[in-house]
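Below is one structure, written out as structure tokens, with a few remarks after it.
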Amino acid sequence: MKIGTLGAGTIAQGIARHAIRHGHDVMLSNSRGPASLAPLVKDLGARATAATPAEAAGADLVVLAVGWPHVPDVAARLPPLDGTVVIDATNQFQSPPANMRIADLGDLTGSEYVASLLPGARVVKAFNALFAQFIAPDPRHEAGRQVLFLAGDDTDAKNTVTGLASQFGFAPVDLGTLREGGRLIQLGGPLSGLHALKQD
């Protein structure tokens with residue numbers, strides 16, 4: 001599979017390292033341009049390339065992992081994503097955690113809002129509920145596998161993300177739709193920041 005990232009921070013890098021270890025190709029992008037990613041791409045190895053966001057959005061699966069205030073601008077610059085599976089790893093931090101404010105989206109969940117900005121994309125909420133520094137390490141532990149909560153409105157898209165996460169070593173748990181499941185794992189939800197292991 002070819003995986004594109006919109007954003008190249010800790011979350012995107014963690015997912016990229018898992019993907020590369022399991023034989024996938026990764027195109028990383030950020031707002032500063034491909035040249036700024038040269039050191040990271042060199043570190044990740046031959047399966048990693050630097051790209052523009054538009055190029056990364058053409059991958060088989062796309063990971064959205066940018067700061068919340070940048071989501072609308074990033075979405076506006078993308079080509080049509082008809083049918084593309086998009087993992088929404090964002091959290092609706094209107095301001096950084098040190099002075100945390102959660103964006104007021106009215107009745108919408110964060111991922112419903114993201115989906116509204118990406119018409120045609122098949123959005124799956126995942127990887128947002130884990131602290132970024134816990135995504136990159138091996139999710140398989142002596143006591144079990146790290147649980148990865150996910151939610152989405154498209155069953156096939158969720159199956160794709162479930163298969164990928166399982167390959168990485170996570171234990172995916174499908175919470176349902178972007179509305180119901182997304183509310184559980186977004187900021188302020190009862191499963192946000194909950195680190196659990198599934199006993200095998």
Side-chain angles (χ1 to χ4, degrees), residues 1-9 11-31 33-34 37 41 44 47-92 105 108-130 135 148-168 170 172 174-182 185-186:
M1 186 184 295
K2 184 168 285 188
I3 297 171
T5 75
L6 304 173
I11 293 175
Q13 289 181 38
I15 295 171
R17 290 183 191 280
H18 284 301
I20 288 167
R21 275 195 295 269
H22 289 87
H24 302 286
D25 295 319
V26 178
M27 291 190 293
L28 296 114
S29 72
N30 64 9
S31 61
L37 295 169
V41 166
L44 290 173
R47 288 195 174 275
T49 56
T52 65
E55 290 167 341
D60 303 317
L61 179 145
V62 176
V63 178
L64 177 64
V66 299
W68 183 260
H70 305 294
V71 169
D73 183 57
V74 170
R77 296 170 183 270
L78 298 179
L81 295 175
D82 295 338
T84 301
V85 177
V86 175
I87 294 177
D88 174 21
T90 66
N91 280 306
Q92 64 273 31
L105 302 176
L108 291 178
T109 63
S111 281
E112 286 178 306
Y113 174 73
V114 168
S116 75
L117 299 177
L118 301 173
R122 297 185 290 161
V123 175
V124 178
K125 188 77 166 179
F127 290 102
N128 68 295
L130 294 173
I135 291 175
L148 181 77
F149 297 115
L150 60 93
D153 296 337
D154 185 288
T155 299
D156 288 340
K158 286 195 289 187
N159 287 342
T160 296
V161 176
T162 294
L164 190 66
S166 296
Q167 185 185 53
F168 292 173
F170 291 94
D174 183 354
L175 299 175
T177 64
L178 290 179
R179 173 160 289 258
E180 301 304 326
I185 53 176
Q186 70 178 13

message = Checking the side chain of Arg47 only, and the main-chain atoms of Ile20 only, is there a donor and an acceptor separated by less than 3.5 Å?
response = no
key: Expected output: side-chain His24 to main-chain Ile3 donor-acceptor under 3.5 Å   = no
task = Would you check if Thr5 and Ile15 make a side-chain contact, meaning some heavy-atom pair closer than 4.5 Å?
result = no
task = Show your working on side-chain contact (heavy atoms from CB on, under 4.5 Å) between Lys158 and Leu150 and close with a plain yes or no.
result = CA-CA 8 Å; Lys158 286 195 289 187; Leu150 60 93; 3.8 Å; yes
inquiry  = For residues 70-79, which residue pairs pass the side-chain hydrogen bond (donor to acceptor under 3.5 Å, both in side chains) check, not counting sequence neighbours?
reply    = Asp73-Arg77
message = Please determine whether side-chain contact (heavy atoms from CB on, under 4.5 Å) holds for the pair Thr49 and Asp25, giving the CA-CA distance in whole Å, both sets of side-chain angles, and the decisive distance to 0.1 Å.
response = CA-CA 8 Å; Thr49 56; Asp25 295 319; over 6 Å; no
Any residue meeting ring pair (Phe, Tyr, Trp, His ring centres under 6.0 Å) with Phe127, in chain and number order, not counting sequence neighbours = Phe170
query = Can any side-chain N or O of Lys125 pair as donor or acceptor with the backbone N or O of Thr90 at less than 3.5 Å?
reply = yes
All N/O donor-acceptor pairs, side-chain side in residues 113-120, below 3.5 Å, sequence neighbours left out:
residue : atom : partner : partner atom : Å
Ser116  : OG   : Tyr113  : O            : 2.5

Minimal non-hydrogen separation, Leu148 against Ala165, with atom names = CD2-CB, 3.5 Å
inquiry  = Would you say that Val161 contacts Pro172 through its side chain, given a criterion of any heavy-atom pair below 4.5 Å between the two side chains?
reply    = no
Backbone of Ile185 reached by a side-chain donor or acceptor of Asn128 within 3.5 Å = yes
Heavy-atom pair with the smallest gap, counting every atom of Gly7 and Ala12 = O-CB, 3.2 Å
query = What is the distance from atom CD of Glu55 to atom CG of Leu28, rounded to the nearest 0.5 Å?
reply = 12.5 Å
key: Closest heavy-atom pair and its distance - Val26, Ala16   = CG1-CB, 3.8 Å
query = Does a side-chain heavy-atom distance below 4.5 Å link Asp156 with Arg122?
reply = yes
ask   = So, do Asn30 and Leu37 sit near enough that their side-chain heavy atoms are less than 4.5 Å apart?
value = yes
task = Show your reasoning for whether side-chain contact (heavy atoms from CB on, under 4.5 Å) applies to Thr160 and Leu61.
result = CA-CA 9 Å; Thr160 296; Leu61 179 145; 4.0 Å; yes
ask   = Got a donor-acceptor contact below 3.5 angstrom from the Thr177 side chain to the Glu180 backbone?
value = yes
inquiry  = Quick check for you: to the nearest 0.5 Å, what is the distance between Leu6 atom CG and Ser31 atom OG?
reply    = 11.5 Å
request  = Compare every heavy atom of Ala59 with every heavy atom of Gly4, then report the nearest pair and how far apart it is.
outcome  = N-CB, 3.3 Å
message = Would Ile87 and Leu64 count as a side-chain contact (heavy atoms from CB on, under 4.5 Å) here? Give the steps.
response = CA-CA 6 Å; Ile87 294 177; Leu64 177 64; over 6 Å; no
key: Non-hydrogen atoms of Asp88 and Ser111 that approach each other most closely   = OD2-OG, 2.7 Å
ask   = Judged by atom type as modelled, is there a donor-acceptor pair below 3.5 Å linking the side chain of Thr109 to the main-chain atoms of Leu178?
value = yes
query = Just wondering, do Leu108 and Arg179 contact through their side chains at under 4.5 Å, heavy atoms?
reply = yes
query = Taking all atoms of both residues into account, what is the closest heavy-atom pair of Ala56 and Ser29, and its distance?
reply = CB-OG, 3.8 Å
query = Is a side-chain N or O of Gln92 found less than 3.5 angstrom from the main chain of Gly110, in a donor-acceptor match?
reply = no
